[in-house]
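The structure under discussion appears below in the form of structure tokens.
Just so you know, these numbers come straight off a predicted model, no measurement behind them. Values below: all heavy atoms of this structure, side chains included; hydrogens, waters and symmetry mates excluded. Both ligands and their constituent atoms are indexed starting at 1 by order of listing.
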Amino acid sequence: MNIIIFGPPGAGKGTQSNFLKEDLKMNQISTGDLLRNELKKESELSKQIRNIMDAGKLVSDKIIYDLIEDKISDINIKNKMIFDGFPRNIEQAKNLEIMLKKHDQNLSKVLNLKVDYSVLIKRISGRISCPVCKSTYNEYFDPPPQNCKENKMIKRSDDNEETVTKRLKTYDNETLPLLEYYKNQNKVINIDAMKQIDEVRKEIKGVLKD
Ligand code: AMP
């Protein structure tokens, strides 16, 4: 089973993907994480990517395909993939189908994490993560435990209020139309992502067992 975890920035896609890794032994493929790894290389390409990400826009499809095909062709994670942050437009969705077909796979479901936009900005601008255990916390309503507090928390450079507003706009204009595309394929399952993290986890586990 391959699935897409879908929703606006701050909906909890990364958090729930991490649970799916534990609960169902699936593999998270986050294009955002893959891009952030590229940034560490400090190449000419990484400078371009950084500017685009900090402006809250989408990186070119070509760069994304190069990063993602590597994963889709990996036999070790075949049919056990969670796509997080990909696809982000119709063109990418069509290409995902082509890449999956080429490697004899398909897409089973699209989990649509539904959250009110009013809570997203606070969720994202407070987001921090521990460099050691990699867990994500929130400065406002989910502070790190004592053992993590001793480490210097990491904050993503695009997790500030100004960029978040732009990212939400990009989501509305380019990514949201994908929902209709997948509804027409009967693949969408709506998840109430306003609930507590553990309740969302249970709900997702339940729908994927059916
Ligand atoms: P994320 O970690 O998924 O929130 O992504 C952070 C940023 O990386 C986005 O705001 C985009 O600039 C870029 N990005 C991530 N995934 C994609 C994608 N599939 N297509 C284009 N840009 C992406």
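Within a 6.0 Å sphere centred on NZ of K202, heavy atoms belonging to other residues, nucleotides or ligands number 12 at most. Within 6.0 Å of atom NZ in K187, more than 12 heavy atoms from other residues, nucleotides or ligands are found, so the atom counts as buried in its surroundings. K21 NZ: more than 12 foreign heavy atoms inside a 6.0 Å radius.
Remark: the backbone N or O of E180 is paired with a side-chain donor or acceptor of N184 at under 3.5 angstrom.
Pocket lining of ligand 1, defined as residues with a non-hydrogen atom under 4.0 Å away: T31, G32, L35, R36, M53, K57, L58, V59, I64, G85, F86, R88, Q92, R156, D158, R167.
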Under 3.5 Å, sequence neighbours excluded: what are the donor-acceptor pairs made by side chains of residues 139-149?
none

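A salt bridge links D159 with R167; the closest basic N to acidic carboxylate O contact falls under 4.0 Å.
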